[in-house]
Amino acid sequence: QVQLVESGGGLVQAGGSLRLSCAASGRTFSSYGMGWFRQAPGKEREFVATVTSSGDNTYYLPGVKGRFTISRDNAKNTVYLQMNSLQPEDTAVYYCGAGSFSIHYRDYRYWGQGTQVTVSK
């Protein structure tokens with residue numbers, strides 16, 4: 001069993017930055033691929049970024065590549081999403097998931113409760 005708790009969301013102006021964190025409980029964190037997804041009002045949950053269990057490979061939604069960086073610290077059981085050059089279209093609830101190194105939400109077994117990111121113009 002893995003429990004995930006996201007933090008770091010908030011309100012930021014366009015062009016600003018936020019760093020999201022996802023803290024995991026349990027001893028098996030380092031065995032899971034981790035991912036960040038987001039869901040805007042009225043839209044389906046959307047893949048944002050994923051990282052392998054070791055942290056040596058990442059993959060991004062093309063629209064965030066070069067602006068967002070996913071990383072993990074297995075010693076701290078935490079995965080991060082550094083978000084730079086934020087735009088209003090990045091506004092959403094951001095969720096972290098534990099599962100496979102995948103762009104598909106159904107490949108993730110555990111989810112956090114989400115953290116709101118709001119980007120104003």
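- Within a 6.0 Å sphere centred on OH of Y59, heavy atoms belonging to other residues, nucleotides or ligands number 12 at most.
- Taken from CG in N77 to OG in S30, the straight-line distance is 7.5 Å, to the nearest 0.5 Å.
- Other residues, nucleotides and ligands place more than 12 heavy atoms under 6.0 Å from the OH atom of Y110.
- Aromatic ring pairs are classed by plane angle as parallel below 30°, tilted from 30° to 60° and perpendicular above 60°; the pair W111 and F37 is perpendicular.
- In the model, N57 has no side-chain atom that pairs as donor or acceptor with a side-chain atom of T52 under 3.5 Å.
- Heavy atoms only, all atoms of each residue included: L18 and G8 are closest at CD2-O, 3.8 Å.
- Summarising the local packing, CD of Q113 is surrounded by more than 12 heavy atoms from other residues, nucleotides or ligands at distances under 6.0 Å.
- Once rounded to the nearest 0.5 Å, the distance linking OG1 of T69 with CZ of R19 reads 10.5 Å.
- Under the salt bridge (Lys or Arg N to Asp or Glu O under 4.0 Å) criterion, R67 pairs with D90, not counting sequence neighbours.
- For T91 against A40, the heavy-atom pair with the smallest separation is O-CB, 3.8 Å.
- Put simply, OG on S54 and CZ on R72 are 8.0 Å apart, with the number rounded to the nearest 0.5 Å.
- Atom CD1 of I103 and atom CD of E46 lie 11.0 Å apart (nearest 0.5 Å).
- To the nearest 0.5 Å, atoms OG (S21) and CD (E6) are separated by 10.0 Å.
- Applying the side-chain contact (heavy atoms from CB on, under 4.5 Å) test to K76 and every residue at least two apart in sequence or in another chain returns D73, T78, Y80.
- Side-chain contact check for Y105 and R45: no donor-acceptor pair (N or O, by modelled atom type) lies under 3.5 Å.
- Although no hydrogens or angles enter the test, the distance criterion places a donor-acceptor pair under 3.5 Å between the side chain of Y108 and the main chain of S100.
- Surrounding CD of Q13 are at most 12 heavy atoms belonging to other residues, nucleotides or ligands under 6.0 Å away.
- Between the side chain of N74 and the backbone N or O of S53, at least one donor-acceptor pair lies under 3.5 Å.
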